[in-house]
Amino acid sequence: MIVKGRVWKFGDNISTDIIIPGKYLRTLNYSLWVKHLMEGLDPAFSSKIRKGDIIVAGKNFGCGSSREQAVLAIKLAGISAVVAESFGWIFFRNAINNGLLVVECPNIVKYVETGDIMEINVIEGYVKTPRKILSIKPYPKFIMDIISLGGLTEYYRRKKHG
Amino acid sequence: MSSAIEKIISDHIGRKVHAGEFVETPIDLIYFHDGTGILVFKHLEEMLVKKVGDVESIVFFDHSVPPHSIEASTLQKYVLESSRKFGISKIYFMGEGIGHQVIHEEGHVKPGQIIIGADSHTPTLGALGVLALGVGALDAAYGLAAGKLWLKVPETLLITVEGRIPKGVYAKDIILHIIGSLRAYGALGKVVEFSGSVTERLNVDSRFTLCNMSVEMGAASCFQKIDEKTINYLKNFGVCDLRKHFSDKDSYVEEYFFDISSLEPQVSCPHSVDNVKSISEVEGTPVDQIFIGSCTNGRLEDLVEVAKILKNGKVKPYVKLIIVPASKRILMKAMSLGLIEIFLKAGAMVGVPGCGPCLGMHTGVLGDDEVAISTSSRNFIGRMGSRKAKIYLASPATAAASALTGEITDPRRFLK
Ligand code: SF4
C-alpha cells in the first residue's frame, strides 16, 4: 500500500474535541462533520484540503473522547492517511476499524512541513519526506487485512459469510 | 512474570499471553450510551446483524439528559428503539446517572472481567480489579456481534503513591499532580497500576477518580488490585464473585514514585490537562461558572466535601454553580444526608444525574470569554462550549471554595 499526498502539519495532543467538537455529534449528517473538521484549531481547514492530503502530527494525536466521528470526518474529508509520532489509544483503534491509514513514526514532525509532498509505503515500511526517509514498523497481517477491506464492518461480513 | 492484565487476558483466551502480542479476546460485558449508541447501531445494521450475541450488553442514557435539542431527542429515540430491536440485555434510561457509575452500583462489574465501553472513561472501572477498555463504536458493534475484541496486549506501568495526605488535598489533586509530571502522553497505550499506602488509604470513590483521570495521560486502562475496601464496596452492591489478580513484581515496563506529603491543592490550567499548577499560583483568577460533577468527581464522597464548604456561605452573586450528582442513587443519598438542601440554600443549581455540562452540549454551555472551574476531566479548547472560553480543572473542594468567592480559591481557607 503506497500513499502520496500533500502535508498538513499539527502539533502534540490534538484531541478529538479539536478534530470535531462535541456540539456536532448529535447528527448523522456526515457532511457536517467534514465541514467542521479541525475547527478547534482552524475553522476554515475543511475548505483548504484536497483529496489525498496527509495529516502529520506530533505526540498523542486523537487523544480524549472516543468519538468515532473524529476518524470519519478525517476519512470523509478525503485525507488519505494520518502520520503521527504517537496516537491516542482509542483513536488508533477507530482509525484501523474504519479503514483509515494511520502510521506511527517517531520524530516525523522534524522532517516535514505543511505543503510538502510526502510518501508512505506500508509494505516496505518507510515514509519519505523532502528531507528524510524514515522507517516505520509493519502491521501484523490481520490489521492490514482490516485496513485493506476498508474496515471492521467488511472484515466481520467476510468472516461470517465468506 | 506477568502483570495482572496479562493474567486476566490469559484467563480469557486459555493460554499465556504477553504484552505486545496481538490477540482476539472474548469479553464479558459491553456498554455504550446515547451518544456513541447512534454509530454502534448504524454499524450493526451495516454488518447485517439481526440480534446481538450472548455477551451481556448495557446501554445508558446519560450524555444529553433530558435531551437538549430536536436532533438529540430524535437520535435517542433511534438508540432506544434499536436497543430493543437488537436485544441489548439492559437499558438504563434517562435520570439513572452516568454509565461508568451506574454500571457498578447495579452490580454488573465483577473483578477479573474484561469489559469494553464505547466511551473513553471506561477505565474508571479498573478500580475494581477488572480490565476495562474504552473503545470506539465499531469495536462495540463487533463485540456485540462476535463477542470478541482485537487487542495488542498492553504493557503495565506502576505508580506508587506514598506519604501523608495533606489537608485540602484529595485524589483529584494527586492525579493532577501525577499528570502534570508525566504529561498528557506519559502513559500512552499502557495500563496504569496504582499502589502504595496512599492509594490503599483512599476510599473506592477516590480510587475511581484516579483511574478515571489516568485516561488523560493516554492510558489504555487503569488497574487497582482489590483489597478489603473493594470487597466491602462490591458486596454492598451485591457482588460476591471475586476473582483476584495481582501483578508479579517485575512485570512493569516503567515505575514511578510520588510522595505527596507536601502537596498543595492542584489546578489544571487552560488548555491542556498537563498544564498543572499549585493553587497558590492561580488563586484569585475570576470565574463565571463552577461545575461539580461528572464521572471524575460526581460521587457521594465528593458531594460530602462540597457540602462542608458550602454550608458556611453563599455562592458569589452572578456566578453560576452547577452541581450534578453522578447517579440517582448518589442524588438520593445526598438528599437523605441533607446535602442537596445545603447546595440549594447556598445558591447552587442542582442538575439531573448524568454528564451535565462536562461535554459542552447543554446545561451550562460556556460562552465567549467565560472562565469555568470544573471537577471534570478535560479542559481542551471548546470542550465545554465556546472556543474562546477557558476551563480550569480542580477537586470538588477547590471548586466549591471558588464558588463562594467567584475566583479560584484555596479550599483550605474554608476547611476547619
Ligand atoms: S461525565 Fe464527561 S467525561 Fe464522564 S462520561 Fe460523561 S461526558 Fe464523558
Side-chain angles (χ1 to χ4, degrees), chain A residues 12-29 32 39-41 43 58-72 85-99 104 139-143 146 151-157 159-161, chain B residues 22 24 35-36 38-39 42-43 46-49 63-64 67-69 71-72 74-76 78 117-122 133-139 141-142 145-146 150-152 154 183-185 188-189 215-216 218-221 272-274 359-361 365 378 380-385 387:
Chain A
D12 291 339
N13 299 320
I14 303 296
S15 70
T16 53
D17 271 276
I18 290 173
I19 300 169
I20 180 77
K23 57 179 178 246
Y24 304 119
L25 299 182
R26 292 301 173 271
T27 178
L28 280 168
N29 179 359
L32 191 79
E39 183 173 284
L41 281 181
K59 296 188 183 71
N60 209 9
F61 184 85
C63 58
S65 155
S66 67
R67 63 191 64 160
E68 215 166 66
Q69 288 90 342
V71 164
L72 294 173
E85 302 201 335
S86 57
F87 288 92
W89 196 78
I90 301 177
F91 182 91
F92 186 78
R93 301 184 62 84
N94 285 346
I96 288 172
N97 288 344
N98 283 286
E104 222 179 64
Y139 285 121
K141 187 182 170 299
F142 87 92
I143 298 262
I146 296 173
L152 208 52
T153 303
E154 191 55 31
Y155 182 80
Y156 175 79
R157 283 202 224 147
K159 242 175 116 169
K160 186 89 183 166
H161 306 289
Chain B
F22 280 87
E24 204 174 39
T36 49
I38 306 163
L39 286 179
K42 280 280 164 233
H43 292 316
E46 281 166 19
M47 284 173 170
L48 309 175
V49 169
H63 268 57
S64 55
H68 64 287
S69 68
E71 291 80 8
T74 309
L75 288 166
Q76 280 172 332
Y78 166 71
D119 187 275
S120 58
H121 286 98
T122 304
L133 296 162
V135 297
L138 247 173
D139 279 319
Y142 187 83
W150 69 264
L151 184 65
K152 185 175 172 191
R183 309 300 308 275
Y185 39 77
L188 200 58
V215 171
E216 308 311 320
S221 195
S272 174
V273 68
D274 56 5
L359 66 160
M361 210 157 47
V365 177
R378 290 186 171 144
F380 303 131
I381 292 178
R383 169 73 182 184
M384 291 175 73
R387 294 178 59 224

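Below, read A as the first sequence line, B as the second, and so on, with proteins coming before strands; counting in each chain starts at 1. Being a predicted model, the structure only gives us computed values, none of them experimental.
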field: Q69(A) versus chain B, the contacting section by heavy-atom distance below 4.5 Å
entry: both
field: Main-chain N/O of A184(B) paired to N13(A) side chain as donor or acceptor, under 3.5 Å
entry: no
query: Residues in ring-ring contact (aromatic ring centres under 6.0 Å, His included) with Y155(A), at least two apart?
result: none
- prompt: By a 4.5 Å heavy-atom criterion (distance strictly below it), what part of F380(B) contacts chain A: side chain, backbone, both, or neither?
  reply: side chain
statement: When every non-hydrogen atom of S65(A) is compared with those of R383(B), the smallest separation belongs to CB-NH1, 4.3 Å
query: chain A heavy atoms under 4.5 Å from V273(B): which part of the residue, side chain, backbone, both or neither?
result: neither
query: Measuring heavy-atom distances to chain B, does T27(A) have an atom under 4.5 Å in its side chain, in its backbone, in both, or in neither?
result: backbone
- prompt: Taking every heavy-atom pair that is under 4.5 Å apart, which of D119(B), T122(B), T74(B) has the most such pairs with chain A?
  reply: D119(B)
task: Mind ranking F22(B), W150(B), Y185(B) by heavy-atom pairs under 4.5 Å with chain A and telling me who comes out on top?
output: W150(B)
Distance (rounded to the nearest 0.5 Å) between I381(B) CD1 and L41(A) CG: 6.0 Å
task: Run the salt-bridge test on K159(A) and E24(B) with the 4.0 Å N-O cut-off and return the result as yes or no.
output: yes
message: Could you check whether any side-chain heavy atom of I90(A) comes within less than 4.5 Å of a side-chain heavy atom of L133(B), counting everything from C-beta outward?
response: no
Contact winner vs chain A - M361(B), K152(B), H63(B), M384(B), heavy-atom pairs under 4.5 Å: M361(B)
task: Select one option (side chain, backbone, both, neither) describing which atoms of H121(B) are under 4.5 Å from chain A's heavy atoms.
output: neither
statement: Across all chains, not counting sequence neighbours, the side chain to side chain contact (heavy atoms under 4.5 Å, CB included) partners of S69(B) are E71(B), A72(B)
Chain A interface, residue from K42(B), H68(B), E216(B) that has the most non-hydrogen pairs under 4.5 Å: K42(B)
query: Is a donor on one side and an acceptor on the other found under 3.5 Å between the side chain of R387(B) and the backbone of G40(A)?
result: yes
message: Any side-chain to backbone donor/acceptor pair from R93(A) onto L138(B)? Under 3.5 Å, distance only.
response: no
- request: Could you tell me the separation between the CG atom of D139(B) and the CD atom of E68(A), rounded to the nearest 0.5 Å?
  value: 7.5 Å
Closest-packed option against chain A by number of heavy-atom pairs under 4.5 Å, given A146(B), G218(B), P154(B), A220(B): A220(B)
- line: Checked I143(A), I146(A), L25(A), V71(A) vs chain B; the most non-hydrogen pairs under 4.5 Å come from I143(A)
message: Shorter than 4.5 Å, heavy atoms on both sides: which option in F92(A), F142(A), F91(A) has the most such pairs with chain B?
response: F142(A)
query: Within the distance-only criterion (no hydrogens, no angle test), does the side chain of R26(A) pair as donor or acceptor with the backbone N or O of Q76(B) below 3.5 angstrom?
result: no
- prompt: V215(B) versus chain A, heavy atoms under 4.5 Å apart: side chain, backbone, both or neither?
  reply: neither
query: Is it the side chain or the backbone of A145(B) that comes within 4.5 Å of chain A heavy atoms, both, or neither?
result: both
task: Can you see which heavy atom on G189(B) is nearest to which on W89(A), and at what distance?
output: CA-CD1, 3.5 Å
message: Contact between N98(A) and H43(B) at the side-chain level, heavy atoms closer than 4.5 Å - yes or no?
response: yes
query: Is it the backbone or the side chain of P140(A) that comes under 4.5 Å from a heavy atom of chain B, or both, or neither?
result: side chain
task: Count the heavy-atom pairs under 4.5 Å between each of E154(A), K23(A), K59(A) and chain B, then report the option with the highest count.
output: K59(A)
query: What option among L151(B), D274(B), L39(B) has the most heavy-atom pairs under 4.5 Å with chain A?
result: L39(B)
- prompt: Which heavy-atom pair separates V135(B) from N94(A) by the least distance, and what is that distance?
  reply: C-OD1, 4.5 Å
message: To check you understand the geometry: which heavy-atom pair defines the closest contact between S120(B) and G64(A), and what is its length?
response: CB-O, 3.5 Å
- prompt: How about N97(A) and Y142(B): do any of their side-chain heavy atoms sit closer than 4.5 Å?
  reply: no
